[in-house]
2 protein chains.
Amino acid sequence: MFEAAIASAAGRIEAELERIMAPLPDQPVIEGMRYACRGGKRLRGFLVMEGARLHGIGPEQSVVAACAAEALHAYSLVHDDLPCMDDDDLRRGQPTVHVKWDEATAVLVGDALQTLAFDLLARPECAPQAEVRVALIASFARAVGAEGMVLGQAQDIAAETAGRMLTLEEITELQVNKTGALICWSGAAGALLAQADPQPLTDYAAALGAAFQIADDILDVEGDAAEVGKAVGKDAEAGKATFVSLLGLEGAKARARLLVEQAEAALEPYGAEALALKEAARFVIARNK
Amino acid sequence: MFEAAIASAAGRIEAELERIMAPLPDQPVIEGMRYACRGGKRLRGFLVMEGARLHGIGPEQSVVAACAAEALHAYSLVHDDLPCMDDDDLRRGQPTVHVKWDEATAVLVGDALQTLAFDLLARPECAPQAEVRVALIASFARAVGAEGMVLGQAQDIAAETAGRMLTLEEITELQVNKTGALICWSGAAGALLAQADPQPLTDYAAALGAAFQIADDILDVEGDAAEVGKAVGKDAEAGKATFVSLLGLEGAKARARLLVEQAEAALEPYGAEALALKEAARFVIARNK
């Protein structure tokens, strides 16, 4: 159920991103944008589209907001991978943008992908009502800016600079900002598109996002670099606090399972219709990449 | 007239930017955002507010869109100054963000300032009508993304990488994208706020932006680093094509004067009310910083 749904969403998202970027001028920065948008699980886009479906919004409409979430996510990865940030050479099994091109191109690719995300949310294809688009844009800006994703990044850097292990509370807050905020927005977007109450899907996505991050820390310990598609063991090597270092492997797994139960419980109002989202929650802690 | 008007606009913009960023969390990245937004001529913000005034929109409203233009401009400068881009240590007479903090912080400061710009345009204070905000956001995204400002940056980098002098046509196109697009948007924003025809102000701002860029090239040759507030003579040293190298100093000055006349002519529909904008056009080629 979930695997078919996310594969279908991913197919639509990839085709739409190709279509959107087709008219852009022939420049390395545009090639880099296309490259950075390739591959990945499309979890955020899937959440947008599946949440929209639950509110009666079809895929031909919801794919636009899904592409905004994926373009924003791609920008964050390109900038995160820069030498001055996480300095990663490999992403989704491929050379990162600054390795394939150069740092200047990677900065511009990320910059332009952020703009593209807002551009998409402002298009009439995203939602016919201007007030819906503006509500999506306002919540998106809060999720990805200095009160959300960028704040999480900054907290991450501050912790590393201070050379001090974060507490469980601090790392939880950091992850809520760094990865949780965009996942929450992606969950809520479908309800916002239908001008419905976004609370159940927001609660679901908050728990899912937290479980996802713990699973990421577990993969960094247990995963295989070839399967994961990026370097593993980096956090332990860097002496960085993670959910695994703070809770132990079994403790982290137990917490992730609890979060999955919370995510499933939040979907109660949607009944059997929400099966794919329930399976998604179970999937994020069972994945091997 | 112009000097009083831009000083008044700058004062309002600076107070509003302070107010907007006051509630943000206490982090180096937020300090960096405030720092990057300090100083500067506020030409873009002034254009927004003066264009708005011509359409009956008061400063308490137009200052929001003016702050969006200035936040976007500040982001572009922070990223442009990075070591992998123009590698500048000095901006507006002060150390650049990556010198005062570090490169990672500078990347995040720019990223968050771009988000803030879109955030501001989505706020009800920017315009009560959702359709006005969405129109501003859509045109803003086109001006600053991969079809506008970032494209211009990419064309600039491509020319340097190729190690080949640009032609007059190419450098004109590059500047239309790199600096012209945001200046044009700033000019048009006031009309968009009033749901009026943006064409006269767009034509004005296009000519003004082109004159501004030629004046920048002239300052790079004739200016004094201490007065200009950044390094001068860099383009000539790098063997980079500029309007001065292509047209000669007198040719460049003549072209700038012609553009100022075009800018003034575009303001015809506004009559005597547009005096400050007319003076602004004359000012950009007479400035010494």
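The model shown is predicted, which means the values in this text are computed figures rather than measured ones. Every chain is numbered from 1 and lettered A, B, ... according to where its sequence line falls, protein lines coming before strand lines.
Both the backbone and the side chain of B:A154 come within less than 4.5 Å of a heavy atom of chain A. Of the atoms belonging to B:E103, heavy atoms from both backbone and side chain fall under 4.5 Å from chain A. Contact annotation for B:M21: neither backbone nor side-chain heavy atoms come within less than 4.5 Å of a heavy atom of chain A. Contact of B:L82 with chain A is made through the side chain alone, with heavy-atom distances under 4.5 Å.
The two residues A:A130 and B:V134 come nearest to each other via the heavy atoms O-CG2, 3.9 Å. The nearest pair of heavy atoms linking B:L24 to A:A146 is CD1-CB, 4.3 Å.
The side-chain heavy atoms of A:V107 and B:C84, taken from C-beta on, include a pair separated by under 4.5 Å. Using a 4.5 Å heavy-atom cutoff, the side chains of A:P25 and B:L151 are in contact.
Using bins of under 30°, 30° to 60° and over 60° for the plane-to-plane angle, the ring pair B:H79/A:H79 lands in the perpendicular bin.
Counting heavy-atom pairs closer than 4.5 Å to chain B, the top residue among A:M149, A:R142, A:Q27, A:Q129 is A:Q27.
The distance from the CD1 atom of A:I157 to the CH2 atom of B:W101 is 13.5 Å, given to the nearest 0.5 Å. Distance check: A:D156 CG to B:L108 CG gives 10.0 Å after rounding to the nearest 0.5 Å.
Between the side chain of B:Q114 and the main chain of A:D111, a donor-acceptor pair closer than 3.5 Å is present.
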